[in-house]
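Note on naming: letters A, B, ... go to the chains in the order of the sequence lines (proteins, then strands), and numbering restarts at 1 for each one. Everything numeric in this text was worked out from a predicted model, so none of it was measured.
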Protein chains: 2
Amino acid sequence: MTYTVGQAAAMLGVAPSTLRYYESQGLLPSLKRTDSGRRVFSDTDIEACRIIECLKQSGLSLTDVKRFMDMTVEGDASLADRLALFQARRESLTREIEDMQRVLNVLEFKCWYYGRAVEAGTEDVVRNIPLDQVPENLQDAVAFLRGIEGESEQREMEKAKARKA
Amino acid sequence: MTYTVGQAAAMLGVAPSTLRYYESQGLLPSLKRTDSGRRVFSDTDIEACRIIECLKQSGLSLTDVKRFMDMTVEGDASLADRLALFQARRESLTREIEDMQRVLNVLEFKCWYYGRAVEAGTEDVVRNIPLDQVPENLQDAVAFLRGIEGESEQREMEKAKARKA
DNA sequence: ATACAAGTTAAAGTTAACTTTAAGTCAAGC
DNA sequence: GCTTGACTTAAAGTTAACTTTAACTTGTAT
(Lines give C-alpha, C1' and ligand atoms only; values in the text may rest on other atoms or scores of the structure.)
Protein backbone atom coordinates (compact mmCIF):
# COMPACT_ATOMS: atom_id res chain seq x y z
CA MET A 1 0.00 0.00 0.00
CA THR A 2 0.94 3.65 -0.50
CA TYR A 3 -0.42 6.80 1.15
CA THR A 4 -0.53 10.55 0.68
CA VAL A 5 1.08 12.79 3.27
CA GLY A 6 -2.35 13.40 4.81
CA GLN A 7 -3.16 9.70 5.07
CA ALA A 8 0.27 8.90 6.49
CA ALA A 9 -0.09 11.70 9.03
CA ALA A 10 -3.50 10.36 10.12
CA MET A 11 -2.09 6.83 10.49
CA LEU A 12 0.83 8.08 12.55
CA GLY A 13 -1.11 10.61 14.61
CA VAL A 14 1.01 13.58 13.54
CA ALA A 15 0.44 16.68 11.40
CA PRO A 16 1.23 16.52 7.69
CA SER A 17 3.63 19.42 8.16
CA THR A 18 5.61 17.25 10.56
CA LEU A 19 6.19 14.62 7.89
CA ARG A 20 7.14 17.27 5.34
CA TYR A 21 9.56 18.66 7.89
CA TYR A 22 11.06 15.23 8.51
CA GLU A 23 11.64 14.74 4.82
CA SER A 24 13.22 18.20 4.51
CA GLN A 25 15.64 17.19 7.27
CA GLY A 26 16.67 14.02 5.45
CA LEU A 27 14.91 11.65 7.81
CA LEU A 28 12.97 9.85 5.11
CA PRO A 29 15.57 9.02 2.47
CA SER A 30 13.40 6.36 0.80
CA LEU A 31 10.35 8.59 0.34
CA LYS A 32 9.22 8.76 -3.30
CA ARG A 33 7.24 11.31 -5.29
CA THR A 34 4.63 11.13 -8.05
CA ASP A 35 5.45 12.69 -11.43
CA SER A 36 3.67 15.82 -10.29
CA GLY A 37 5.80 16.06 -7.14
CA ARG A 38 3.46 14.68 -4.49
CA ARG A 39 4.90 12.55 -1.71
CA VAL A 40 4.16 8.83 -1.83
CA PHE A 41 4.49 7.04 1.51
CA SER A 42 5.11 3.29 1.32
CA ASP A 43 4.68 0.93 4.27
CA THR A 44 8.45 1.09 4.65
CA ASP A 45 8.26 4.88 5.01
CA ILE A 46 5.49 4.55 7.58
CA GLU A 47 7.66 2.10 9.52
CA ALA A 48 10.59 4.51 9.25
CA CYS A 49 8.40 7.20 10.84
CA ARG A 50 7.59 4.84 13.71
CA ILE A 51 11.31 4.18 14.18
CA ILE A 52 11.98 7.92 14.15
CA GLU A 53 9.38 8.31 16.89
CA CYS A 54 11.00 5.54 18.97
CA LEU A 55 14.48 6.98 18.58
CA LYS A 56 13.15 10.41 19.53
CA GLN A 57 11.47 8.97 22.60
CA SER A 58 14.68 7.22 23.55
CA GLY A 59 16.29 10.64 23.82
CA LEU A 60 17.79 11.19 20.36
CA SER A 61 17.54 14.59 18.64
CA LEU A 62 16.35 14.69 15.04
CA THR A 63 19.92 15.55 14.06
CA ASP A 64 21.05 12.28 15.61
CA VAL A 65 18.18 10.44 13.98
CA LYS A 66 19.41 11.79 10.65
CA ARG A 67 22.82 10.27 11.33
CA PHE A 68 21.08 6.92 11.75
CA MET A 69 19.14 7.37 8.52
CA ASP A 70 22.41 8.16 6.75
CA MET A 71 23.71 4.80 8.01
CA THR A 72 20.76 2.91 6.59
CA VAL A 73 21.53 4.44 3.19
CA GLU A 74 25.11 3.16 3.47
CA GLY A 75 23.79 -0.39 3.58
CA ASP A 76 25.36 -3.44 5.20
CA ALA A 77 28.66 -1.65 5.88
CA SER A 78 27.00 0.21 8.76
CA LEU A 79 25.25 -2.76 10.39
CA ALA A 80 27.57 -2.91 13.41
CA ASP A 81 27.21 0.84 13.96
CA ARG A 82 23.45 0.58 13.82
CA LEU A 83 23.47 -2.29 16.30
CA ALA A 84 25.64 -0.23 18.64
CA LEU A 85 23.27 2.73 18.28
CA PHE A 86 20.22 0.70 19.24
CA GLN A 87 22.07 -0.91 22.14
CA ALA A 88 23.04 2.52 23.44
CA ARG A 89 19.45 3.75 23.05
CA ARG A 90 18.19 0.68 24.91
CA GLU A 91 20.49 1.40 27.86
CA SER A 92 19.60 5.09 27.84
CA LEU A 93 15.86 4.46 27.78
CA THR A 94 16.15 1.82 30.49
CA ARG A 95 17.80 4.38 32.74
CA GLU A 96 15.17 6.94 31.84
CA ILE A 97 12.36 4.55 32.74
CA GLU A 98 14.04 3.92 36.08
CA ASP A 99 14.09 7.68 36.68
CA MET A 100 10.41 7.87 35.77
CA GLN A 101 9.59 5.14 38.28
CA ARG A 102 11.38 7.15 40.95
CA VAL A 103 9.33 10.21 40.00
CA LEU A 104 6.15 8.12 40.02
CA ASN A 105 7.01 7.01 43.53
CA VAL A 106 7.22 10.66 44.60
CA LEU A 107 3.82 11.35 43.03
CA GLU A 108 2.44 8.34 44.87
CA PHE A 109 3.82 9.71 48.12
CA LYS A 110 2.20 13.08 47.43
CA CYS A 111 -1.14 11.35 46.76
CA TRP A 112 -0.85 9.64 50.12
CA TYR A 113 0.28 12.90 51.74
CA TYR A 114 -2.61 14.98 50.41
CA GLY A 115 -5.05 12.11 50.94
CA ARG A 116 -4.27 12.20 54.65
CA ALA A 117 -4.31 16.01 54.67
CA VAL A 118 -7.75 16.14 53.01
CA GLU A 119 -9.03 13.58 55.52
CA ALA A 120 -7.82 15.70 58.40
CA GLY A 121 -8.85 18.99 56.80
CA THR A 122 -5.34 20.37 57.31
CA GLU A 123 -1.84 19.81 55.99
CA ASP A 124 -0.50 20.10 59.55
CA VAL A 125 -1.12 16.41 60.16
CA VAL A 126 1.43 15.38 57.50
CA ARG A 127 3.79 18.33 57.10
CA ASN A 128 7.26 17.26 58.31
CA ILE A 129 5.96 13.81 59.15
CA PRO A 130 8.64 11.45 60.53
CA LEU A 131 9.93 8.94 58.01
CA ASP A 132 8.74 5.92 60.01
CA GLN A 133 5.13 7.12 59.91
CA VAL A 134 5.17 6.96 56.11
CA PRO A 135 4.16 3.67 54.38
CA GLU A 136 7.27 1.62 53.74
CA ASN A 137 6.95 1.60 49.95
CA LEU A 138 6.90 5.43 49.93
CA GLN A 139 9.87 6.01 52.21
CA ASP A 140 12.32 6.08 49.30
CA ALA A 141 10.35 8.95 47.80
CA VAL A 142 10.50 10.93 51.05
CA ALA A 143 14.23 10.25 51.31
CA PHE A 144 14.66 11.57 47.77
CA LEU A 145 12.66 14.73 48.49
CA ARG A 146 14.66 15.37 51.64
CA GLY A 147 17.97 14.63 49.90
CA ILE A 148 18.85 11.54 51.90
CA GLU A 149 19.88 9.32 49.03
CA GLY A 150 22.60 6.72 49.50
CA GLU A 151 23.61 7.08 45.87
CA SER A 152 22.98 10.81 45.91
CA GLU A 153 26.50 12.03 45.30
CA GLN A 154 26.97 9.73 42.32
CA ARG A 155 23.71 10.79 40.70
CA GLU A 156 24.26 14.50 41.25
CA MET A 157 27.69 14.23 39.71
CA GLU A 158 26.25 12.43 36.71
CA LYS A 159 23.68 15.16 36.28
CA ALA A 160 26.37 17.83 36.53
CA LYS A 161 28.37 16.08 33.82
CA ALA A 162 25.31 15.67 31.63
CA ARG A 163 24.64 19.39 31.86
CA LYS A 164 28.14 20.28 30.72
CA ALA A 165 28.02 17.95 27.75
CA MET B 1 20.25 24.61 56.85
CA THR B 2 20.26 27.39 54.23
CA TYR B 3 22.11 27.69 50.95
CA THR B 4 23.11 30.27 48.35
CA VAL B 5 21.80 29.96 44.82
CA GLY B 6 25.07 28.37 43.78
CA GLN B 7 25.00 25.78 46.55
CA ALA B 8 21.35 24.99 45.88
CA ALA B 9 22.05 24.61 42.18
CA ALA B 10 24.91 22.21 42.90
CA MET B 11 22.73 20.14 45.23
CA LEU B 12 19.95 19.93 42.66
CA GLY B 13 22.17 19.41 39.64
CA VAL B 14 20.91 22.48 37.78
CA ALA B 15 22.39 25.86 36.79
CA PRO B 16 22.02 28.80 39.16
CA SER B 17 20.29 30.71 36.35
CA THR B 18 17.62 28.01 36.30
CA LEU B 19 16.76 28.63 39.93
CA ARG B 20 16.71 32.39 39.38
CA TYR B 21 14.40 31.79 36.43
CA TYR B 22 12.12 29.59 38.54
CA GLU B 23 11.82 32.29 41.16
CA SER B 24 11.12 34.92 38.50
CA GLN B 25 8.24 32.74 37.29
CA GLY B 26 6.74 32.50 40.77
CA LEU B 27 7.67 28.86 41.30
CA LEU B 28 9.42 29.44 44.61
CA PRO B 29 7.00 31.55 46.64
CA SER B 30 8.68 30.78 49.95
CA LEU B 31 12.18 31.78 48.86
CA LYS B 32 13.70 34.44 51.14
CA ARG B 33 16.42 37.06 50.64
CA THR B 34 19.21 38.49 52.80
CA ASP B 35 19.14 42.21 53.62
CA SER B 36 21.46 42.82 50.70
CA GLY B 37 19.09 41.01 48.32
CA ARG B 38 20.76 37.60 47.99
CA ARG B 39 18.57 34.51 47.70
CA VAL B 40 18.45 32.23 50.73
CA PHE B 41 17.38 28.66 49.97
CA SER B 42 15.94 26.71 52.91
CA ASP B 43 15.51 22.93 52.93
CA THR B 44 11.85 23.57 52.15
CA ASP B 45 12.86 25.51 49.03
CA ILE B 46 15.19 22.71 47.98
CA GLU B 47 12.34 20.24 48.41
CA ALA B 48 10.06 22.55 46.39
CA CYS B 49 12.62 22.43 43.57
CA ARG B 50 12.56 18.64 43.67
CA ILE B 51 8.76 18.70 43.47
CA ILE B 52 8.96 21.09 40.53
CA GLU B 53 11.27 18.64 38.79
CA CYS B 54 8.86 15.75 39.46
CA LEU B 55 5.86 17.68 38.20
CA LYS B 56 7.81 18.70 35.11
CA GLN B 57 8.79 15.10 34.47
CA SER B 58 5.18 14.03 34.87
CA GLY B 59 4.36 16.23 31.90
CA LEU B 60 3.40 19.58 33.46
CA SER B 61 4.60 22.86 31.96
CA LEU B 62 6.16 25.43 34.26
CA THR B 63 3.01 27.49 33.82
CA ASP B 64 1.00 24.59 35.24
CA VAL B 65 3.54 24.12 38.04
CA LYS B 66 3.01 27.77 38.92
CA ARG B 67 -0.72 27.10 39.28
CA PHE B 68 0.18 24.39 41.80
CA MET B 69 2.50 26.72 43.69
CA ASP B 70 -0.29 29.29 43.83
CA MET B 71 -2.44 26.60 45.48
CA THR B 72 0.14 25.93 48.16
CA VAL B 73 0.10 29.63 49.02
CA GLU B 74 -3.69 29.46 49.45
CA GLY B 75 -3.22 26.96 52.27
CA ASP B 76 -5.61 24.23 53.42
CA ALA B 77 -8.47 25.52 51.24
CA SER B 78 -6.74 24.03 48.19
CA LEU B 79 -5.90 20.62 49.66
CA ALA B 80 -8.50 18.71 47.62
CA ASP B 81 -7.37 20.42 44.41
CA ARG B 82 -3.77 19.55 45.15
CA LEU B 83 -4.70 15.92 45.78
CA ALA B 84 -6.59 15.83 42.48
CA LEU B 85 -3.60 17.34 40.70
CA PHE B 86 -1.18 14.71 42.01
CA GLN B 87 -3.64 11.91 41.22
CA ALA B 88 -3.94 13.18 37.65
CA ARG B 89 -0.16 13.42 37.37
CA ARG B 90 0.18 9.88 38.68
CA GLU B 91 -2.19 8.54 36.02
CA SER B 92 -0.50 10.56 33.31
CA LEU B 93 2.99 9.39 34.23
CA THR B 94 1.83 5.79 34.55
CA ARG B 95 0.57 5.92 30.98
CA GLU B 96 3.78 7.57 29.87
CA ILE B 97 5.87 4.83 31.45
CA GLU B 98 3.74 2.24 29.65
CA ASP B 99 4.46 4.04 26.38
CA MET B 100 8.17 4.04 27.21
CA GLN B 101 8.07 0.30 27.83
CA ARG B 102 6.51 -0.18 24.41
CA VAL B 103 9.27 1.93 22.86
CA LEU B 104 11.88 -0.06 24.79
CA ASN B 105 10.42 -3.23 23.36
CA VAL B 106 10.89 -1.82 19.85
CA LEU B 107 14.52 -0.98 20.66
CA GLU B 108 14.98 -4.49 21.96
CA PHE B 109 13.59 -5.88 18.72
CA LYS B 110 15.98 -3.70 16.74
CA CYS B 111 18.90 -4.97 18.83
CA TRP B 112 17.87 -8.51 18.01
CA TYR B 113 17.32 -7.57 14.37
CA TYR B 114 20.73 -5.95 13.90
CA GLY B 115 22.38 -8.62 16.03
CA ARG B 116 21.26 -11.26 13.57
CA ALA B 117 22.13 -9.00 10.62
CA VAL B 118 25.68 -8.43 11.91
CA GLU B 119 26.08 -12.19 12.46
CA ALA B 120 25.06 -12.87 8.88
CA GLY B 121 26.97 -9.91 7.46
CA THR B 122 23.83 -8.68 5.72
CA GLU B 123 20.45 -7.20 6.58
CA ASP B 124 18.80 -9.47 3.99
CA VAL B 125 18.52 -12.28 6.52
CA VAL B 126 16.12 -10.26 8.72
CA ARG B 127 14.51 -7.66 6.43
CA ASN B 128 10.80 -8.46 6.13
CA ILE B 129 11.21 -11.46 8.39
CA PRO B 130 7.92 -13.33 9.09
CA LEU B 131 6.40 -12.59 12.47
CA ASP B 132 6.65 -16.21 13.68
CA GLN B 133 10.43 -16.20 13.21
CA VAL B 134 10.78 -13.35 15.70
CA PRO B 135 11.23 -14.21 19.42
CA GLU B 136 7.84 -14.26 21.07
CA ASN B 137 8.55 -11.41 23.49
CA LEU B 138 9.46 -9.13 20.57
CA GLN B 139 6.46 -9.86 18.37
CA ASP B 140 4.42 -7.04 19.88
CA ALA B 141 7.13 -4.59 18.82
CA VAL B 142 7.07 -5.87 15.25
CA ALA B 143 3.28 -5.67 15.21
CA PHE B 144 3.54 -2.05 16.36
CA LEU B 145 6.10 -1.17 13.68
CA ARG B 146 3.95 -2.78 10.99
CA GLY B 147 0.79 -1.15 12.30
CA ILE B 148 -1.00 -4.32 13.33
CA GLU B 149 -2.14 -3.16 16.76
CA GLY B 150 -5.41 -4.46 18.15
CA GLU B 151 -5.85 -1.21 20.01
CA SER B 152 -4.44 0.82 17.15
CA GLU B 153 -7.54 2.79 16.21
CA GLN B 154 -8.20 3.80 19.79
CA ARG B 155 -4.64 4.98 20.39
CA GLU B 156 -4.37 6.90 17.12
CA MET B 157 -7.64 8.66 17.90
CA GLU B 158 -6.36 9.59 21.33
CA LYS B 159 -3.20 10.99 19.79
CA ALA B 160 -5.21 12.96 17.24
CA LYS B 161 -7.28 14.45 20.06
CA ALA B 162 -4.18 15.23 22.09
CA ARG B 163 -2.69 17.10 19.16
CA LYS B 164 -5.75 19.28 18.72
CA ALA B 165 -5.89 20.18 22.41
C1' DA C 1 42.65 47.10 51.94
C1' DT C 2 42.30 44.84 48.01
C1' DA C 3 41.32 41.36 44.99
C1' DC C 4 38.14 38.13 43.35
C1' DA C 5 34.63 34.77 43.27
C1' DA C 6 29.96 34.77 43.50
C1' DG C 7 25.94 37.22 44.01
C1' DT C 8 22.31 40.83 41.73
C1' DT C 9 19.16 42.70 37.63
C1' DA C 10 16.84 43.39 33.08
C1' DA C 11 16.97 42.33 28.66
C1' DA C 12 18.36 39.92 24.82
C1' DG C 13 19.74 35.49 22.78
C1' DT C 14 19.37 30.39 22.02
C1' DT C 15 17.50 25.93 20.64
C1' DA C 16 14.72 22.30 18.88
C1' DA C 17 10.95 20.90 16.65
C1' DC C 18 7.63 22.10 14.67
C1' DT C 19 3.66 25.23 12.57
C1' DT C 20 1.86 28.76 9.84
C1' DT C 21 1.52 31.59 5.87
C1' DA C 22 1.20 32.79 1.18
C1' DA C 23 1.08 31.83 -3.29
C1' DG C 24 0.41 28.50 -6.20
C1' DT C 25 -0.59 23.34 -8.46
C1' DC C 26 -3.16 19.10 -8.89
C1' DA C 27 -6.88 15.45 -8.89
C1' DA C 28 -11.59 13.73 -8.01
C1' DG C 29 -16.41 14.16 -8.13
C1' DC C 30 -20.34 16.37 -10.18
C1' DG D 1 -15.17 22.11 -17.32
C1' DC D 2 -15.34 23.61 -12.76
C1' DT D 3 -15.25 23.54 -7.98
C1' DT D 4 -13.09 21.93 -3.94
C1' DG D 5 -9.99 19.92 -0.95
C1' DA D 6 -5.49 18.31 -0.64
C1' DC D 7 -1.23 18.81 -2.18
C1' DT D 8 3.35 21.76 -3.28
C1' DT D 9 7.22 25.29 -1.81
C1' DA D 10 10.16 28.69 0.76
C1' DA D 11 10.25 31.50 4.34
C1' DA D 12 8.77 33.37 8.44
C1' DG D 13 6.69 32.61 13.00
C1' DT D 14 6.01 30.05 17.45
C1' DT D 15 6.95 28.05 21.98
C1' DA D 16 9.00 26.64 26.18
C1' DA D 17 12.60 26.68 29.07
C1' DC D 18 16.30 28.18 29.81
C1' DT D 19 21.06 30.76 29.08
C1' DT D 20 23.89 34.56 28.25
C1' DT D 21 25.30 39.23 28.60
C1' DA D 22 26.42 43.49 30.71
C1' DA D 23 26.76 46.38 34.25
C1' DC D 24 26.89 46.34 38.89
C1' DT D 25 27.24 44.88 44.19
C1' DT D 26 28.68 41.96 48.03
C1' DG D 27 31.20 38.80 51.08
C1' DT D 28 35.49 36.47 52.05
C1' DA D 29 40.32 35.40 52.10
C1' DT D 30 44.90 37.07 52.13
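Rounded to whole Å, atom P of dA17(D) lies 15 Å from atom CG of Leu19(B). Atom P of nucleotide dA17(C) and atom CG of Leu12(A) are separated by 18 Å, given to the nearest angstrom. Straight-line distance from the OH atom of Tyr3(A) to the P atom of dC7(D): 15 Å, rounded to whole Å. In this structure, the CD atom of Gln25(A) is 13 Å from the C1' atom of dT15(C), given to the nearest Å. Across the protein-nucleic acid pair, Asp35(A) atom CG and dA27(C) atom C1' stand 14 Å apart, rounded to whole Å. Rounded to a whole Å, the CD atom of Gln7(B) is 12 Å from the C1' atom of dG7(C). Here dA17(C) presents its C1' atom at 17 Å from CD of Glu23(A), a figure rounded to the nearest Å.
Evaluated for a side chain to side chain contact (heavy atoms under 4.5 Å, CB included) with Val103(B), the options Ile97(A), Leu55(A), Leu93(A) yield exactly one hit, Leu93(A). Screening Asp81(A), Leu85(A), Leu79(A) for a side chain to side chain contact (heavy atoms under 4.5 Å, CB included) with Tyr114(B), the sole residue that qualifies is Leu79(A).
A close approach under 4.0 Å does occur between a side-chain nitrogen or oxygen of Arg39(A) and OP1 or OP2 of dT9(D). One finds no side-chain N or O of Tyr21(B) lying less than 4.0 angstrom from the OP1 or OP2 phosphate oxygen of dA16(D). The phosphate of dA17(D) (OP1 or OP2) has no side-chain N or O of Tyr22(B) nearer than 4.0 angstrom. Close to dT9(C), at under 4.0 Å from its OP1 or OP2, lies a side-chain N or O of Arg33(B).
Among the nucleotides dT19(C), dA17(C), dC18(D), the one closest to the side chain of Lys56(B) is dC18(D). Here dC7(D) is the nucleotide among dA17(C), dC26(C), dC7(D) with the atom lying nearest to any side-chain atom of Thr4(A). Which of dT8(D), dT26(D), dA27(C) sits closest to the side chain of Arg38(B) comes down to dT26(D). Considering only the side chain of Leu62(B), dA17(D) comes nearest among dA17(D), dT20(D), dT8(D). Checking dT19(C), dC18(D), dT8(C) against every side-chain atom of Val5(B), the shortest atom distance belongs to dT8(C). When distances run from any side-chain atom of Thr18(A) to the nucleotides dC18(D), dT19(C), dT8(D), the shortest one goes to dT19(C).
Taking the nucleotide of DNA chain D with the nearest heavy atom to each of Thr63(B) and Ser36(B), the more 5' of the two is matched to Thr63(B). Residue Gly37(B) is the one, among Ser61(A) and Gly37(B), whose nearest nucleotide of DNA chain C lies closer to the 5' end (criterion: closest heavy atom).
At least one side-chain heavy atom of Leu31(B) sits under 4.5 Å from a side-chain heavy atom of Arg39(B).
Across all strands shown, Arg20(A) has heavy atoms under 4.0 Å from base atoms, whether or not it also approaches the sugar-phosphate. Heavy atoms of Thr34(A) sit nowhere under 4.0 angstrom from any nucleic acid atom.
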Residue pair Glu123(B), Arg82(A): steps toward the side chain to side chain contact (heavy atoms under 4.5 Å, CB included) verdict: CA-CA 11 Å; Glu123(B) 200 176 341; Arg82(A) 285 186 267 167; 3.2 Å; yes
* To do: For side chain to side chain contact (heavy atoms under 4.5 Å, CB included), just list the numbers for Asn105(A) and Phe144(A), CA-CA rounded to whole Å, side-chain angles, deciding distance to a tenth of an Å, and then say yes or no.
  => CA-CA 10 Å; Asn105(A) 209 236; Phe144(A) 165 75; over 6 Å; no
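Within 6.0 Å of CG in Asn128(B) there are 12 or fewer heavy atoms belonging to other residues, nucleotides or ligands.
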